[in-house]
**Student:** 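This is the structure I have questions about; it appears just below.
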There are 2 protein chains.
Amino acid sequence: MKDFKGKILFVTGGASGAGLGQAKVFGREGMKVCIADVRQDALDNAVNELIAFGIKKEDILAIKVDLTNREEYKAAADKVEETFGGPPHLLIQTAGVNSFGPIEASTFDDFDWVMGVCLNHVVNGLLIFVPRMIKAYAHKTEFWVATTSSMGAFMAGSGTGPYSAAKAAVNNLMYSYAEALRPYGAGATVLCPGNINSNIGNAEKYRPANLKNTGYHVSEGTMAHLRSVHATGIDPVELAEILKEGIENGRIIVLPDHTPENRAAQLRGLNATIEDYTLTAAERDAKNAERMAAMRKMMEEAAKKGENPPMMWKVPEGAEEFGHARHDLDWIDQARK
Amino acid sequence: MKDFKGKILFVTGGASGAGLGQAKVFGREGMKVCIADVRQDALDNAVNELIAFGIKKEDILAIKVDLTNREEYKAAADKVEETFGGPPHLLIQTAGVNSFGPIEASTFDDFDWVMGVCLNHVVNGLLIFVPRMIKAYAHKTEFWVATTSSMGAFMAGSGTGPYSAAKAAVNNLMYSYAEALRPYGAGATVLCPGNINSNIGNAEKYRPANLKNTGYHVSEGTMAHLRSVHATGIDPVELAEILKEGIENGRIIVLPDHTPENRAAQLRGLNATIEDYTLTAAERDAKNAERMAAMRKMMEEAAKKGENPPMMWKVPEGAEEFGHARHDLDWIDQARK
């Protein structure tokens, strides 16, 4: 999809972070911008930010909606058509939440909440919008579906179990839609970033009242640690520009590396680990020992040059390390987890 | 996990197909065998088959249970403990259903049914059993969780959308559990077969009454076509033996190729397609044209030698091709789909 001007964008999680970045970047291309989010205060703020970014007020539609509720989501889709005269040409589903802790500590509430937002809302949007988009635009006007997934889709997530599983499902879904939509003159793209400078670190504050029974240790302190990690992530507008290049050129997977030539190699590296899962435990252990030795060497050399080791996320003053189990779970190896 | 004798197996979908094959193979190793399934008639038949296979009647427990219902699943877990004195040492979740059709024709019922059985039942079992297994066996006795997924987990599924997405999620979950359980002296294995000689072709007959609104064209004829395809699949006992080797040697992914050395290469081939998704559409098209040319050449050479082209699934006399959209869906490109 190359031409965005005058067309309609619908972006979930559009009130902040990656979603707001996408609203800005595609709004700047001249799209009419619908942002859908569960947070009214963030929506109000986002509208002001979009206007300050140069997008006309009449081209912005902010919809408060629980995207995991299919009836609410359908009503939001109707609202878009009423307001702008048709379904979106570009659907970007970016709303996401996460919660960190040992997968074996997970509760049904942890799975229901994280998979509800990260996977089910994506299914909802695809099933609600794609038939409308095909009917309105197939073979006439370019249209596209995109989703913000995660590099977590390509990796084990023993500390982010429901999130990684949801993202793996979402990636696979988007591959299927990419293949399916091509005969209609359309396509699909899944954005797989690592760390984004977003508000996802505050997600626990929006966990619904009926899904509060987490198996993870969550506190104001763990959220502060998470926020400090996300603050080092990629800028949402920069990320949205990378997504735009991917959509323009029909990429199905977009990894956040700025140099497109590096991306297949990056994915190749992640997949190599998965391919090793076909090996016996003894064979994997031998390979991992080699990798650890190489990593230690790299870190020692970096230390000699006075560089910091990569990816060391310090717990800020007054914060608490995220990713642990709730302390009262008696089956958890609390010393290690 | 090397030692199965006297330990407890719980296998979902155990009343037929892949699950029954697993019950037979691990039962023959001396395990107490619990088979859980939603089909009472199939359970009765399976008990007889297991006895005929040489497994003692008192070592068999058949439980009729809707595995997507968490309360029922919990009750089944309690029953195992009451009957055999502890939770399973080996949990194999194999129950699965599938329905074929263009992903853009899918309804919420299609997703809810297929993902409910293929993904949610797996989550249910892991959340219900793993804490019990850790409490009972960690650092004392070997225990293991396994799931029957699919090679579909590694591929786009534009004609098997909900199924492939569910399987991708399940694979990722199992990688997470493999990593998470190792400190407890346990592990996880995900079996990823292609075609199995099972009864999954009849799955539509067991679709719950409240999820009947499919977007796919389903008939007795399409089920007959599907059955003819599955009849050419791997034998369930043979497949279970391949899984056993994987569990014994701590493999996380088990592909059905008999030669373990071939499997990483097989997965490498599947992943190469996914890595190409990072390319532009034009770059992918060029690569695909090369692949198609090579494939055509291979098929021409096979034809010259009088061999049948591989993977041609003919529609049997009186059957109807599966995989199409429901004919009344007006957004579907019916000529191509």
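The shown structure was predicted, so the numbers you read here are calculated from the model rather than taken from an experiment. Just so we're on the same page: letters track the sequence lines, and every chain starts at 1.
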**Student:** Please classify the contact of A/Phe108 with chain B as side chain, backbone, both or neither, using a heavy-atom distance under 4.5 Å.
**Tutor:** both

**Student:** Nearest 0.5 Å, please: how far is OG1 in A/Thr278 from CZ in B/Arg268?
**Tutor:** 11.5 Å

**Student:** Which atoms of A/Ile274 come close to chain B, meaning under 4.5 Å heavy atom to heavy atom: side chain ones, backbone ones, both, or neither?
**Tutor:** both

**Student:** To the nearest 0.5 angstrom, please state how far the CD atom of A/Gln266 sits from the CD atom of B/Glu275.
**Tutor:** 11.5 Å

**Student:** Can you spot which of B/Leu127, B/Leu173, B/Leu126, B/Leu181 makes a side chain to side chain contact (heavy atoms under 4.5 Å, CB included) with A/Ile103?
**Tutor:** B/Leu173

**Student:** Less than 4.5 Å to any heavy atom of chain B: does that hold for the side chain of A/Arg132, its backbone, both, or neither?
**Tutor:** neither

**Student:** May I ask you to name which of A/Ser106, A/Gly157, A/Ala138, A/Gly159 has the most heavy-atom pairs under 4.5 Å with chain B?
**Tutor:** A/Gly157

**Student:** Tell me, side chain or backbone of A/Met155 under 4.5 Å from chain B's heavy atoms, or both, or neither?
**Tutor:** backbone

**Student:** So, taking the atom named CG in B/Asn249 and the one named OG1 in A/Thr280, what distance separates them when rounded to the nearest 0.5 Å?
**Tutor:** 6.0 Å

**Student:** Going by an N to O cut-off under 4.0 Å, is there a salt bridge joining B/Asp276 and A/Arg251?
**Tutor:** no

**Student:** Do you know which of A/Asp112, A/Leu329, A/Val170, A/Thr107 has the most heavy-atom pairs under 4.5 Å to chain B?
**Tutor:** A/Asp112

**Student:** Are any non-hydrogen side-chain atoms of B/Asn271 and A/Phe154 less than 4.5 angstrom apart?
**Tutor:** no

**Student:** For each of A/Ala281, A/Ala169, A/Ala168, tally heavy-atom pairs with chain B at distances under 4.5 Å, and name the one with the top tally.
**Tutor:** A/Ala169

**Student:** For chain B, which of A/Leu270, A/Val123, A/Asn171, A/Val130 has the most heavy-atom pairs under 4.5 Å?
**Tutor:** A/Val123

**Student:** Checking A/Tyr277 side chain against B/Val190 main chain: does a donor-acceptor pair fall under 3.5 Å?
**Tutor:** no

**Student:** If I take atom CD1 from residue A/Ile134 and atom CD from residue B/Glu104, how far apart are they, to the nearest 0.5 angstrom?
**Tutor:** 5.0 Å

